[in-house]
2 protein chains.
Amino acid sequence: MPPFQAKTIVRMRKPVKRINMRELAANLGVDRATISRALSSDKAHLVSSSTRERIRAAATLAGYRPDLMAATLRRGRSNTVGIMVSDMMNEVLIRVVREIVADLNRDHLKGPGLTPLIAETGDGSDGVGHLLRTFLSQRVDAIISLTSTEGDAEALEEAAAEVPVVLAVRGITAIDLPSATCDDEAGGALVAEHFATHHHRVICQIQGPQTVATFKNRAAGFSRLCREAGMREIPQGLSTAAAVSSEGRLAADAILASSTRPTAVFAHNDGLALGFIEAMRNHGLAYPDDFAIVGFNNTEISRVLARPLTTVEYPVAQVSRHAAALVRALVGNRDFAWESQVFAPMLIDRGTGRKC
Amino acid sequence: MPPFQAKTIVRMRKPVKRINMRELAANLGVDRATISRALSSDKAHLVSSSTRERIRAAATLAGYRPDLMAATLRRGRSNTVGIMVSDMMNEVLIRVVREIVADLNRDHLKGPGLTPLIAETGDGSDGVGHLLRTFLSQRVDAIISLTSTEGDAEALEEAAAEVPVVLAVRGITAIDLPSATCDDEAGGALVAEHFATHHHRVICQIQGPQTVATFKNRAAGFSRLCREAGMREIPQGLSTAAAVSSEGRLAADAILASSTRPTAVFAHNDGLALGFIEAMRNHGLAYPDDFAIVGFNNTEISRVLARPLTTVEYPVAQVSRHAAALVRALVGNRDFAWESQVFAPMLIDRGTGRKC
DNA sequence: CCGCTCATGTCAATCGATTGCACAACTCCT
DNA sequence: AGGAGTTGTGCAATCGATTGACATGAGCGG
C-alpha cells in the first residue's frame with residue numbers, strides 16, 4: 001500500500017470579463033480622466049462632489065477594479081514594497097514581517113499605501129540575486145531585506161542604485177544601507193549580567209554558528225561582560241554547527257562530560273536551549289536547580305514549557321516600525337537623510353536564570 | 001531606563017536610471033520588436049542567431065531588465081500567482097507554501113514560469129476579500145488559497161469568476177473549486193486504529209475547535225474507528241477553544257481529574273500534545289508509560305522532544321504538488337478538466353502510542 | 001529572368017490608467 | 001459691463017513591451 005492515497009472529484013468553470021475605465025466612462029458619459037480623478041485619493045478634490053459620488057457608486061456597482069499594471073506603467077510607481085526573508089520558519093523573522101506588513105497597510109486608508117510582496121530567498125545558487133531582479137522587474141518602490149548576509153552585499157548594492165533598500169534584523173558591514181537591527185552584543189551582555197546579578201561564578205554559553213554575525217555578537221557581548229564581572233567562562237567557545245535543538249543536545253553532552261561544570265548556561269537561541277533541556281532530562285537533571293539556563297528570542301516554545309524559560313526578547317516591534325518608517329520616508333523622498341538604528345533587546349526573567 | 005535603547009548612524013545615496021527597450025534598440029540600431037523577440041523564449045526563433053546573440057549580450061551588458069508591468073499590460077498575463085495564507089506561524093502551511101513556490105519556480109528555466117506572490121490574510125474585518133481584490137488588481141494569473149474557511153466562499157467565488165482559484169490544505173463545501181487537501185477523517189481514524197492495534201481499550205481525544213472543518217473531520221474519523229474497533233472513548237467531545245498548548249494543558253487537567261482515565265490520548269495537533277505533556281510532567285507523570293499519546297502534523301517540536309512523539313505526517317508534498325499542478329494546468333487552459341484530490345496522511349510511529 | 005517562398009526585420013496599433021494643458025462656465029469685483 | 005480668478009471637465013500624449021501586418025532581400029525552381 002502506498003503511504004499516501006488519493007480520492008478524486010472532477011468539475012469545470014467559466015470565465016468572466018472585467019470592465020475597464022474606458023467602458024465605465026462610456027457608460028457614465030464622462031471622460032476617463034474624470035473617473036481617474038474621482039477614484040484617486042489625492043486628486044479627488046478636482047472633481048465636483050456630485051459627479052464624484054456618482055462615479056464612485058457606479059464603479060463599485062459595476063465591480064470596476066483599476067488595473068494596477070497600467071497605473072504603475074504610467075505613474076512610474078507601483079506602491080509596492082518587496083520583502084525578502086531568508087527563512088519563513090524562523091519565528092522572529094515572521095513576526096517582523098507581520099509587523100512590517102501591518103505597518104505598511106495601516107495608512108492604506110489615507111493615501112495609496114504600500115502593498116507588501118513577500119518572498120523567501122531560495123537556497124539556490126543565486127537566490128538573493130534572482131529575487132532582487134524579480135522585485136525590480138515588478139517595479140517595487142522599495143525593498144526590505146531580512147537577515148541578509150555579507151555575501152549578498154554586491155547584489156543589494158546593485159539593487160540599491162535603483163530603489164531604496166532597507167535592511168532589517170541583520171545589517172551588513174560591506175555597504176552602508178539604512179537598517180533596523182538588534183544589538184546582539186548588548187543581548188549577550190544582558191544575559192551575562194543577569195548571571196552575575198544572581199551570583200553565578202562559573203558559566204558557559206552554547207553558541208550558534210560563529211559565521212553568522214548575530215551569534216558572533218551575542219558571544220562577544222557575553223564574554224565581555226563575563227570578564228568585566230569577573231566570572232569564569234567554560235568551556236570557552238563551545239560553538240555549534242547550527243542553532244537547532246539537536247546541536248543543543250550535543251553541547252549538553254559535552255558540558256556534562258566536563259570535569260568542572262558551570263552553574264549557568266546561555267543558549268544563543270531557544271532552540272539550542274530546548275536541546276540542552278532535553279539532554280538534561282535524559283540525565284535526570286532539572287533546571288534551574290542543576291543548571292540555570294537562559295535562551296534567546298522568546299519564542300513560543302520558551303513560553304509553553306512546563307517551566308517557562310528566561311530568555312531575551314527580540315525588539316521585534318521597534319525593528320519593524322523603524323524598517324517600515326525608513327521605507328515610507330525613502331519612497332516619499334529618495335534624498336531623505338535616513339538613520340540606521342540598532343535596538344537593544346530585553347531580558348524576560350522567568351526565573352530560570354537564578355541560582356538554585 | 002527604557003526597555004529598548006537605540007543607537008544611530010546617518011548617510012545618503014544617489015539613484016540610477018534604468019534603461020528601457022527603446023534606448024537599447026537605438027544603441028543597437030535595431031527595432032524594439034526585434035529585441036522583444038530576441039529576449040523572449042518562445043519567439044526567439046524568429047530572429048537570426050547572430051543578431052539574437054548580439055542583442056542578448058548587449059542587454060545583459062547594459063543591465064537591461066524588461067518592465068514586467070508594461071509587458072503584463074500588453075500581454076494581458078502577468079505570469080504571477082497569488083498565494084494567500086491564513087497564518088504564517090503555522091509550520092504545515094509554511095511548508096506547503098515553500099513547496100508550491102519551489103514547484104512553480106522550477107520551470108523557470110524553460111518558459112516564463114510563474115512568480116509567486118505570498119501574502120498573509122490579515123485578521124481584519126475583510127482580510128480575505130481585500131487580499132483577493134489586491135491580487136486581482138495586480139493581475140495575477142491564478143490564486144492559491146491556503147486554509148480558507150466557509151466564510152470566504154463568497155469572496156473566493158467572485159475571484160474565481162475572473163482567474164483560476166485553487167484551494168489547498170483546506171477545502172470548502174459551499175463552492176466547488178479545484179483543491180488539494182488532506183483527508184483529516186482518515187487521519188483521525190489512523191490514530192484510533194493505531195491505539196486499537198496496541199490494545200488500548202479506553203482512549204480519548206483532545207479536539208481542536210470544532211468550528212474548523214479540519215478538526216471536526218479528525219474527531220469524526222477517530223470516533224468512527226473507536227466504535228468500529230469497540231474501544232471506549234472518554235470523555236466524548238473534549239473540545240478546546242484553540243489548538244494551542246495552553247489549551248492542551250487545560251484539557252489534561254480535565255482528564256486527570258476524571259475518575260476513569262484513558263490509557264491513550266490523541267491530540268489534534270502537536271501544540272495540544274505538548275500542552276498535555278507539560279501538564280503531565282507537572283503531575284509527575286510521563287509518556288507513554290502513564291498515557292500513550294499521539295499528536296498531529298509532525299512539527300519540529302514533536303521531533304526534538306527528549307521522547308519524540310508519535311504523530312501524523314501531513315501530506316505536504318502531495319498537497320503542494322497537486323496544487324501547483326492544478327494552477328499550472330488552469331493557467332495554461334482555463335477549460336482544463338481539473339480534479340480535486342484528497343491525500344491521506346501517514347502515521348509516524350515513534351513509540352509513544354504503544355501501551356506501556 | 002520571372003515569380004515564389006522563406007527568413008529577417010520594421011511599422012504601428014495596442015494594453016489601461018494618469019496628468020499637463022486647454023477651455024468653458026461661473027463668480028466676483030470694480 | 002468687462003476683466004480676473006476659480007472650478008470642473010475634456011483632450012490627447014505618455015508610460016514600455018508585445019505582436020499582427022507588412023516590407024525587403026536572398027535564394028531558387030522553372
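Keep in mind the model is a prediction, meaning the values are calculated, not measured. Letters A, B, ... mirror the listed sequences (proteins, then strands); counts begin at 1.
Of the listed nucleotides (C:dT18, D:dT19, D:dA17), D:dA17 has the atom at the smallest distance from the side chain of B:Ala71. Counting only heavy atoms from C-beta on, A:Arg32 has its side chain closest to C:dA17 among C:dA17, D:dT19, C:dG9. Across D:dA17, C:dA17, D:dG10, the shortest atom-to-atom separation from the side chain of A:Val30 is found for D:dG10.
Between B:Ser36 and D:dT19 there is no side-chain polar atom (N or O) within less than 4.0 angstrom of OP1 or OP2. Side-chain N/O atoms of A:Thr51 include one lying less than 4.0 angstrom from OP1 or OP2 on D:dT9. Contact annotation: A:Tyr64 side-chain N/O to C:dG16 OP1/OP2 distance is not under 4.0 Å. For the OP1/OP2 pair of D:dT7 and a distance below 4.0 Å, the side-chain nitrogens and oxygens of A:Ser48 include no atom meeting the criterion. OP1 or OP2 of D:dG10 sits under 4.0 Å from a side-chain N or O of A:Thr34.
The CG-C1' distance, from A:Leu68 to C:dC15, rounds to 15 Å in whole Å. C:dG16 atom P lies 9 Å from atom CZ of A:Arg18, rounded to whole Å. Summarising the geometry, the separation between CZ on B:Arg65 and P on D:dG16 is reported as 14 Å, rounded to the nearest angstrom. Taking atom CD1 of residue B:Ile35 and atom P of nucleotide D:dA17, one finds them 9 Å apart after rounding to whole Å. Atom CZ in A:Arg75 sits roughly 11 Å away from atom P in C:dA17 (whole-Å rounding). A straight line from CE of B:Met69 to P of C:dG16 spans 16 Å, rounded to a whole angstrom. Look at CG on A:Leu73: it is 13 Å from C1' on D:dA13, rounded to the nearest Å. The distance from atom CZ of A:Arg74 to atom C1' of D:dA13 is 8 Å, rounded to the nearest whole Å.
In this structure, A:Lys43 and B:Arg37 both approach DNA chain C, and ranking their closest nucleotides by distance from the 5' end singles out B:Arg37. The residue among B:Ala70 and A:Ser40 whose nearest nucleotide of DNA chain C lies closer to the 5′ end is B:Ala70.
We find that A:Asp103 and A:Arg328 are joined by a salt bridge, their nearest charged nitrogen and carboxylate oxygen being less than 4.0 Å apart.
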**Request:** Apply side chain to side chain donor-acceptor pair (under 3.5 Å) to B:Ser340 and B:Ser179, showing your working.
**Result:** CA-CA 5 Å; B:Ser340 283; B:Ser179 64; 3.2 Å; yes
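In this structure, the side chain of B:Asp141 does not engage the main chain of B:Val331 through any donor-acceptor pair within 3.5 Å. Between the side chain of A:Thr51 and the backbone N or O of A:Val47, no donor-acceptor pair lies under 3.5 Å.
A:Asn20 comes within 4.0 angstrom of the backbone, heavy atoms only, and of no base.
In this structure the side chain of A:Arg139 reaches within 4.5 angstrom of the side chain of B:Asp67, judged on heavy atoms.
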